[in-house]
Amino acid sequence: MPTSASDSTIAAALHPALAAALDSLPGRLQLPGLREELAALLIDAAEAAPGLEPALASHLGFLLDSLDIGALRRWILTGLRLYPNHTDKLAAFFRLEDPAAAQAMVAESRGTSFERARHALQFYAGGFGQRDLSLSARRQRKLNSLPLRPAISEGTLLLPDHYLAWDGASRGNIYRAAVAHALAHLQHSPRHQPAGKKKPLLLAVLSLIEDARVERLASRRYPGLRSLWGCFHVASGDKNELTFASLSARLSRALHDPGYEDPNHWVNKGRALFEAEAAIGLDDPERFAEVGKILGNDLGQMRVRFVQELYVVQPAYRDDNSFLWQFEHDAPPDTPPEESLSRTSVQIDPTDAEADSAMHVSPVAAQAGERHDYPEYDYRENLLRDAWAVVLDRSGREPGVAAGTGRQRSLARGVSLDTRARTLDRAVRLRRQQEGESLDLNAAVDSRIGWRAGVTPDPRIFQRPGKRRRHASILLLVDLSESTNDRVRGFTSVLDVEKQAADLLAQSIDTDYDRLAIDGFHSDGREKVHYIRLKEFDEPYGDAQRRLLMRQQGSLSTRMGAALRHAGVRLRQTVAEKRILLLVTDGEPSDIDVVDRDYLVEDARHAVHSLNMKGITVFCLTLDKAGGRYMKKIFGDGNYLIVDNALSLPAQLSRALTRIAAR
């Protein structure tokens, strides 16, 4: 059989192992349409899991005996979502060595897709009186992207083209649950409310409360919906995770299932507030919006991180809530046509300055600077990945403003920074001492003359080695991430307190002996760790440096390990008897491209250990009252301080430096 141009194109795009597996399939799968569809899926899978092509090809024929191409796509996706950062485990899944692979294969072989359910769903919607509602597929355009959720408009309901068993499709008819939930919104929810300057976390909580309200209303008219939705509420507080995904899913369950008990105060508070309003009535969404605002503010106070790029509504049958909100900007021009009906529920105006809402992730403008590649430690593989993180080092001052402008500011009142750690130095001789290891000849001669003259001699005729100040290079590294915009006691932000501490420390340093640099950092993934130099070691701290410090704003995330490594390089370039790296942060390391919360903690621990081995003392002050777990792991005993009262940070920083310099 001659090879067609299409076959040649497929063979060129496929990995050799996948191409060989494709050629060995039965004749029914060699039909041109099926072959091209399957090849496209395998190409997508190879891009999502590079290096695992042989594992995926090893049992391809066996998989296709039980799965059609749509089910095979769902099975591959299940593996990718089960093991997003574990290459070895994902390889075992593809080779069917993992029990979860067999379970997923059985589940997905029985799974459903939108095309199979479409006609039944149209009749189902008509049973609720919505005969004019059009149902369409919302297609997953990239294999390993975030799971899709339904999107609602006035005349159209977009449903994901498939649900995985991993999403809950094996627990019940998830498409019916999705349609019923969307119809509850169409019947009971206010449409396209102005989002204004509300932040993404607050919008997510408000939407969750509205989801629960309309489901409660719909269940009163159609009691069977309660059990239909209930089988998808399986979130549990057994591990008491404090992530937004876990807390929101557990609150959703608590509002749906009166028998569910959760150990978390926030979840229980949300249930109590909701039920108090529900006892009055369910018809006023404004009263329930007040509940959402209270809960959103509490999450901000709890320092719960919200990463909008990773946010997915739970449970999976619920829509993306774009129906509820009206944003100032329409969907971007490159939005797929079938998705242009929907708006992303986490869009936000980057100029948002509202103080009483929960945190969000602000954009940061790209600026010129030096690029530095650093390794990053992957504890799961026990591997130091070379040139994995990119630090973009730039000066914080505006072009044309020279370094070192301004005069040294006077010592701040009320701040005493005694860093006079002393060491014995034979080059320093203390003369005219009461005791010592040798005679001070001048003092001895003077004493003898006095004795001969009948004057009481001075007994201080000895000399001994003295102590001198140790010359230290100190680098203060300030966390400039988004969470530092959180308010302290309602009138100032964490970042304002960090700036004040840096300002007072810079004024208090004795520049005759010590040199201080002040830097800041935040990150936008491993390839964009922004490092801002605010004060150089050899420039005085004057008005220009203070203005630069006070201009800094919090945004993005906290990739701590890369910033610490770069700060260590900066310190090693200085000549000093002691090098000290002081880090001030408000929480644990995190970034938008990392889901495993231990990954960046372990990388930061590795970075600190490496710096200690190079003679750099690393000390951290954190404002996270619950930070003991990861702080001890990263910095070790005695090398961190948890600041309970944020307003005391300036004084705590000064005292910490005194203790470190005295070591």
- Item | Where Val594 and Asp596 come nearest, the two heavy atoms and their spacing | CG1-O, 3.3 Å

- Item | Ring geometry between His530 and His522 (parallel below 30°, tilted from 30 to 60°, perpendicular above 60°) | perpendicular

- Whether Asn173 side chain and Arg176 backbone form a donor-acceptor pair below 3.5 Å: yes

- Any donor and acceptor pair, going by atom type alone, linking the side chain of His185 with main-chain N or O of Val214 inside 3.5 Å? no

- Task: For side-chain contact (heavy atoms from CB on, under 4.5 Å), just list the numbers for Leu583 and Tyr640, CA-CA rounded to whole Å, side-chain angles, deciding distance to a tenth of an Å, and then say yes or no.
- Result: CA-CA 9 Å; Leu583 172 65; Tyr640 69 92; over 6 Å; no

- Under 6.0 Å from the CD atom of Glu261, do we count more than 12 heavy atoms belonging to anything else shown? no

- Compare all side-chain heavy atoms of Asp98 with those of Tyr83 and state whether any distance is below 4.5 angstrom. yes

- Query: Is a side-chain donor or acceptor of Lys499 paired with a backbone partner of Gln552 at a separation under 3.5 angstrom?
  - Reply: yes

- Query: Which heavy atom in Ala101 sits nearest to a heavy atom in Trp75, and how many Å separate them?
  - Reply: O-NE1, 3.0 Å

- pair Lys633-Glu602: side-chain heavy atoms closer than 4.5 Å: yes

- Message: Do Leu282 and Arg220 make a side-chain contact, defined as non-hydrogen atoms from C-beta onward lying under 4.5 Å apart?
- Response: yes

- Query: Mind checking whether Asp593 and Glu527 have side chains closer than 4.5 Å, heavy atoms only?
  - Reply: no

- Message: Measuring from atom OH of Tyr163 to atom CG of Leu148, what distance do you get when rounded to the nearest 0.5 angstrom?
- Response: 8.5 Å

- Task: Decide, yes or no, whether a salt bridge links Arg138 with Asp319 under the criterion of side-chain N to carboxylate O below 4.0 Å.
- Result: no

- Take atom CD of Gln553 as the centre, draw a 6.0 Å sphere, and report whether it contains more than 12 heavy atoms from other residues, nucleotides or ligands. no

- Here the gap from Glu210 atom CD to Trp325 atom CH2, rounded to the nearest 0.5 Å, amounts to 8.5 Å

- Message: Can you confirm whether or not the ring centre of Phe114 sits under 6.0 Å from the ring centre of His162?
- Response: no

- Item | Residue pairs fulfilling ring pair (Phe, Tyr, Trp, His ring centres under 6.0 Å) with at least one residue in residues 273-304, sequence neighbours excluded | Phe274-Phe288

- Message: Would you say Ser493 and Asp496 are linked by a side-chain donor-acceptor pair, where the criterion is simply a distance under 3.5 Å?
- Response: yes

- Task: Look only at the side chain of Tyr175 and the backbone of Pro160, and say whether a donor-acceptor pair between them is shorter than 3.5 Å.
- Result: yes

- Query: Atom OH in Tyr311, atom CG in Leu203: separation rounded to 0.5 Å?
  - Reply: 9.5 Å

- Task: Return the set of residues passing side-chain contact (heavy atoms from CB on, under 4.5 Å) with Ala182 (not counting sequence neighbours), or none when no residue passes.
- Result: Ile152, Leu157

- Task: Identify the heavy atoms of Ala604 and Pro589 that sit nearest to each other, and give their distance.
- Result: CB-CG, 4.3 Å

- Query: Does any N or O in the side chain of Arg559 come within less than 3.5 Å of the main-chain N or O of Asp591, such that one atom is a donor and the other an acceptor?
  - Reply: no

- Message: Any non-hydrogen side-chain atom of Asp624 less than 4.5 Å from a side-chain atom of Ile642?
- Response: no

- Message: Contact between Arg226 and Glu215 at the side-chain level, heavy atoms closer than 4.5 Å - yes or no?
- Response: no

- Message: I'd like to know if the side chain of Ser227 reaches the main chain of Gly224, judged simply by a donor and an acceptor atom lying under 3.5 Å from each other, with no hydrogens or angles considered.
- Response: yes

- Message: Would you compute the distance between atom CG of Asp479 and atom OG1 of Thr585 and round it to the nearest 0.5 angstrom?
- Response: 3.5 Å

- Task: Please list, chain by chain and in numerical order, all residues satisfying side chain to side chain donor-acceptor pair (under 3.5 Å) with Asp378, sequence neighbours excluded.
- Result: Arg380, Arg385

- Looking at Glu241 and Arg250, does any basic side-chain N land under 4.0 Å from a carboxylate oxygen? no

- Item | Ser555 and Asp524: CA distance, side-chain angles, deciding distance, side-chain contact (heavy atoms from CB on, under 4.5 Å) verdict | CA-CA 9 Å; Ser555 63; Asp524 187 18; over 6 Å; no

- Task: On the 0 to 90° scale, with breaks at 30° and 60°, tag the Tyr222-Phe128 ring pair as parallel, tilted or perpendicular.
- Result: perpendicular

- Quick one: closest heavy-atom pair of Gln308 and Pro200, and the distance? OE1-CG, 3.7 Å

- Query: Quick check: does any side chain N or O of Asp320 sit under 3.5 Å from a backbone N or O of Ala151, one acting as donor and the other as acceptor?
  - Reply: no

- Task: Indicate yes or no: does Lys625 engage Asp644 in a salt bridge with an N to O separation below 4.0 Å.
- Result: no

- Message: In the structure I gave you, are the side-chain heavy atoms of Arg305 and Thr243 within less than 4.5 Å of one another anywhere?
- Response: no

- Task: Assign the ring pair His256 / His233 to parallel, tilted or perpendicular, where the plane angle (0 to 90°) is split at 30° and 60°.
- Result: parallel

- Message: Can a side-chain donor-acceptor contact be found between His188 and Asp283 if the only test is distance below 3.5 angstrom?
- Response: no

- Item | Gap separating the CG atom of Leu206 from the CD atom of Gln193, nearest 0.5 angstrom | 8.5 Å

- Looking at CH2 of Trp229 and CZ of Arg318, how far apart are the two atoms once the value is rounded to the nearest 0.5 Å? 8.5 Å

- Ser219 side chain to Arg216 backbone, donor-acceptor under 3.5 Å: no

- Message: Taking the side chain as everything from C-beta on, heavy atoms only, tell me whether Ser557 gets closer than 4.5 Å to Ser523.
- Response: yes

